[in-house]
2 protein chains.
Amino acid sequence: MQEFAIDTARPEDLPALSNLLAELFSLETDFAVDRDRQIRGLRMILDAPERGTLLVARARTGTVVGMVSLQLLVSTAAGGVSGQIEDLVIHREVRSRGLGSRLLREALAWGRARGCLRFQLSADLRNLSALSFYTRRGFRGSHMSVLYHDSGP
Amino acid sequence: MQEFAIDTARPEDLPALSNLLAELFSLETDFAVDRDRQIRGLRMILDAPERGTLLVARARTGTVVGMVSLQLLVSTAAGGVSGQIEDLVIHREVRSRGLGSRLLREALAWGRARGCLRFQLSADLRNLSALSFYTRRGFRGSHMSVLYHDSGP
């Protein structure tokens, strides 16, 4: 029996998930930690299960130790649905046990079952361990860089 | 009276839009031109108007000379809806007349009216004119680079 199970997130997981995002966003200099915002965003993903999923890795005790999200988009390049993967993070105390791979694999499977022809994600160019993690799992790097516009109220 | 109008795309515009995407994808080395795929993807965006929009610049004759798409996502960083902007392209014969700015401005307005707290897009790092275009219009560059996974059938 495996020590951790992959599972769909539940509303009661939201505080634990916001803690994980705080770990992730402290690595990614483009994003700031703001628990209220993170919980609001996570809840919106949970509330629209036809448009995306939020998967968690859970210890036998129930504790959430990892997460990933996938949202569906249309890609005109691929000519169909594509999956936007975000927020893959594993609690630092349980890294290097294959949980990231398992979460990513389950997210891809969820997307393929809903017709995804392609998946994309963005990673900080300076986060070499993330880039290496993804390329070893079939992702190819690109020359596309992300730009943001904070539209204000 | 302005020479060009910004308008929502219609199904009969799809062939013209696929021509514009062919122009765009021939600039962006990450993507390949495939008209059937492009028309399929564009039609899916038109068919889900609650999830995104496809705006066009149209000459008085009705000819489509530019386009942009925006799709809604949830951003856990922003804590709400964000707008994913793609496929902004202007026919080469009518560039430098402000049509790109007008399309982008209308796309942002469409998104803001639907609660977008943030917008993002990706641009080829080697496409300096695109990067300059977007940063002059309020977009900030980031260290986030896009990775793709072509999931296959």
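Chain identifiers are assigned alphabetically (A, B, ...) following the order of the sequence lines, protein sequences preceding nucleic acid strands; residue numbering begins at 1 within each chain.
In this structure, CZ on A:R97 lies 4.5 Å from CZ on A:F4, to the nearest 0.5 angstrom.
Residue with the most contacts toward chain A among B:L121, B:L125, B:I39, B:I85: B:L121 (heavy-atom pairs, distance under 4.5 Å). In terms of heavy-atom pairs under 4.5 angstrom with chain B, the leader among A:R40, A:R51, A:Q38 is A:R51. Of the listed residues B:S18, B:G80, B:A48, the one with more heavy-atom pairs under 4.5 angstrom with chain A than any other is B:G80.
Of the atoms belonging to A:L21, it is side-chain heavy atoms, and not backbone ones, that fall under 4.5 Å from chain B. For chain A, the nearby parts of B:L73 are the backbone and the side chain; heavy atoms of each come within less than 4.5 Å. Proximity to chain B (any heavy atom under 4.5 Å) is shown, for A:L72, by both the backbone and the side chain. At a 4.5 Å heavy-atom cutoff, the contact between A:V81 and chain B is made by backbone and side-chain atoms alike. Contacts of A:S75 with chain B are made by backbone atoms alone, with heavy-atom separations under 4.5 Å and no side-chain atom involved. Neither the backbone nor the side chain of A:R43 comes within less than 4.5 Å of any heavy atom of chain B.
Counting only distance, with no hydrogens or angles, the side chain of A:R37 and the backbone of B:A77 share no donor-acceptor pair below 3.5 Å. Although no hydrogens or angles enter the test, the distance criterion places a donor-acceptor pair under 3.5 Å between the side chain of B:S69 and the main chain of B:E86. For A:Q71 (side chain) and B:V74 (main-chain N/O), a donor-acceptor pair under 3.5 Å exists by modelled atom type.
The minimum heavy-atom distance between A:A78 and A:R118, with the atom names listed, is CB-CB, 4.3 Å. Across every non-hydrogen atom of B:V56 and B:A9, the tightest pair is CG1-CB, 3.6 Å.
Counting heavy atoms from C-beta outward, B:D13 and B:R58 have side chains that approach closer than 4.5 Å.
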